[in-house]
**Q** 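The structure is given below, and queries will be raised subsequently.
Bear in mind that the values here come from a model prediction, so they are computed numbers and not experimental data. So that the names make sense, note that chain A is the first sequence line, chain B the second, and so on, each numbered from 1.
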2 protein chains.
Amino acid sequence: MTSDGLRSRLKAEGLRLTPQRELVLAAVDRLGHATPEEVLAEVRQSSESLNLSTVYRTLDVLEHVGLIRHAHLSDRVATYHSVGGPEHFHAICRKCERVRSVDVSVAADFADRLRTELGFVADVGHLTIFGECEVCE
Amino acid sequence: MTSDGLRSRLKAEGLRLTPQRELVLAAVDRLGHATPEEVLAEVRQSSESLNLSTVYRTLDVLEHVGLIRHAHLSDRVATYHSVGGPEHFHAICRKCERVRSVDVSVAADFADRLRTELGFVADVGHLTIFGECEVCE
DNA sequence: CTCCCTGCAAATAGTTTGCACAATA
DNA sequence: TATTGTGCAAACTATTTGCAGGGAG
């Protein structure tokens with residue numbers, strides 16, 4: 001995501017481009033899946049100018065304008081990842097804690113079934129499914 | 001769930017049957033899907049003898065012995081429900097907030113696919129999927 | 001009579017908010 | 001220069017823990 005892309009997305013909502021918003025977006029891009037604390041730590045590698053509450057507010061803004069998404073990979077904290085790669089959901093092993101990113105196409109038939117049988121349109125990209133590896137690595 | 005069922009499940013783990021454990025299990029049964037706070041409130045209708053931290057500890061114990069399960073029906077709190085009815089997962093509409101309990105059979109093919117394609121055994125009963133009703137009620 | 005369980009209060013983790021100042025457009 | 005955004009500190013929500021007394025077995 002370029003700065004210009006970020007700027008235009010923000011502008012469309014009457015929001016401003018700030019250094020903090022650029023830094024947070026870049027950190028989420030680099031980290032893959034990151035909690036707010038992890039984003040803060042990553043940004044602080046290169047700059048002191050960021051506060052945790054700003055991280056929370058900025059993650060909300062970036063999600064609002066559609067540049068990042070969040071998932072619940074643990075019972076405690078949300079993790080954020082940038083939008084741009086293939087849309088995926090998460091499968092997490094309770095034994096080895098491995099997090100798999102699974103392409104949404106794997107859930108396409110399931111989603112169809114929810115729609116036709118229940119009239120429910122699933123947000124597959126937000127899905128996190130817990131379970132166990134048949135054989136952990 | 002009878003007191004004797006509860007007693008024997010606890011005994012198998014070297015745990016004791018207490019009034020609090022009976023009260024919490026009964027409350028979860030009555031409430032369907034309930035947060036720890038809701039369980040506390042329900043029990044306090046009939047008895048003063050229960051503390052919130054005991055509710056948390058008791059819900060853990062009851063889940064450990066397999067009498068209840070939890071799901072994440074909101075980003076905030078876990079809700080507990082008794083095991084005994086048909087095993088189900090949850091689908092939640094972000095617009096009307098309706099919570100549907102869906103029989104796990106609807107996800108059987110999806111679970112098969114995760115197992116054969118990824119070697120991942122999903123805990124379908126723990127699944128919560130967010131989305132929207134095609135037409136909200 | 002032993003050890004598990006509970007209540008209470010305090011600690012902790014994660015997140016949100018009010019406010020004054022700073023910076024963008 | 002008019003808002004919007006940020007930092008800071010404090011508040012808040014959900015949950016966990018230490019400890020001393022109480023109760024199940």
**Q** What is the separation between atom CZ on R7(B) and atom P on dC5(C), rounded to the nearest whole Å?
**A** 13 Å

**Q** Write down the distance between CG (L59(B)) and P (dC5(C)), rounded to a whole number of angstrom.
**A** 15 Å

**Q** Is the distance between the ring centroids of H70(A) and H90(A) less than 6.0 Å?
**A** no

**Q** Nearest 0.5 Å please: distance from the CZ atom of F89(B) over to the NE2 atom of H126(B).
**A** 14.0 Å

**Q** For L50(A) and dC8(D), give me the distance from atom CG to atom C1', rounded to whole Å.
**A** 13 Å

**Q** Does T58(A) make a side-chain N or O approach to OP1 or OP2 of dG5(D) shorter than 4.0 Å?
**A** no

**Q** Looking only at the side chain of T18(A) (C-beta and beyond, no hydrogens), which of the listed nucleotides dG7(D), dT13(D), dT6(D) gets closest?
**A** dT6(D)

**Q** Can you tell which of dT15(D), dT16(C), dT6(C) lies closest to the side chain of Y56(A)?
**A** dT16(C)

**Q** Does the dC5(C) base have a donor-acceptor partner in the side chain of T54(B) within less than 3.5 Å?
**A** no

**Q** dG7(C), OP1 or OP2 - any side-chain N/O from Q20(B) closer than 4.0 Å?
**A** yes

**Q** Within less than 4.0 Å of OP1 or OP2 of dC8(D), is there a side-chain N or O belonging to S53(A)?
**A** no

**Q** Just the rounded figure in Å: distance from C1' of dT15(D) to NE2 of H70(B).
**A** 13 Å

**Q** Give the rounded distance in Å between these two atoms: CG of L10(A) and P of dA25(C).
**A** 9 Å

**Q** Salt bridge check: are D60(A) and R57(A) linked by an N-O gap of less than 4.0 Å?
**A** no

**Q** Which part of the nucleic acid does L52(A) contact within heavy-atom distance under 4.0 Å: base, sugar-phosphate only, or nothing?
**A** base

**Q** To the nearest Å, give me how far apart CG (L23(A)) and P (dG5(D)) are.
**A** 16 Å

**Q** Hey, could you give me the CD1/CZ distance between I92(B) and F130(B), rounded to the nearest 0.5 Å?
**A** 4.0 Å

**Q** With respect to the phosphate group of dT6(D), does any side-chain polar atom (N or O) of N51(A) fall under 4.0 Å of OP1 or OP2?
**A** no

**Q** Over how many whole Å does the gap from R57(B) atom CZ to dG7(C) atom P extend?
**A** 8 Å

**Q** Taking for each residue the nucleotide of DNA chain C with the nearest heavy atom, is it R21(B) or R16(A) whose nucleotide lies nearer the 5' end?
**A** R21(B)

**Q** Without decimals, in angstroms, what is the distance between D60(B) CG and dC4(C) C1'?
**A** 16 Å

**Q** Taking the six-membered ring for Trp, are H33(B) and H88(B) ring centroids under 6.0 Å apart?
**A** yes

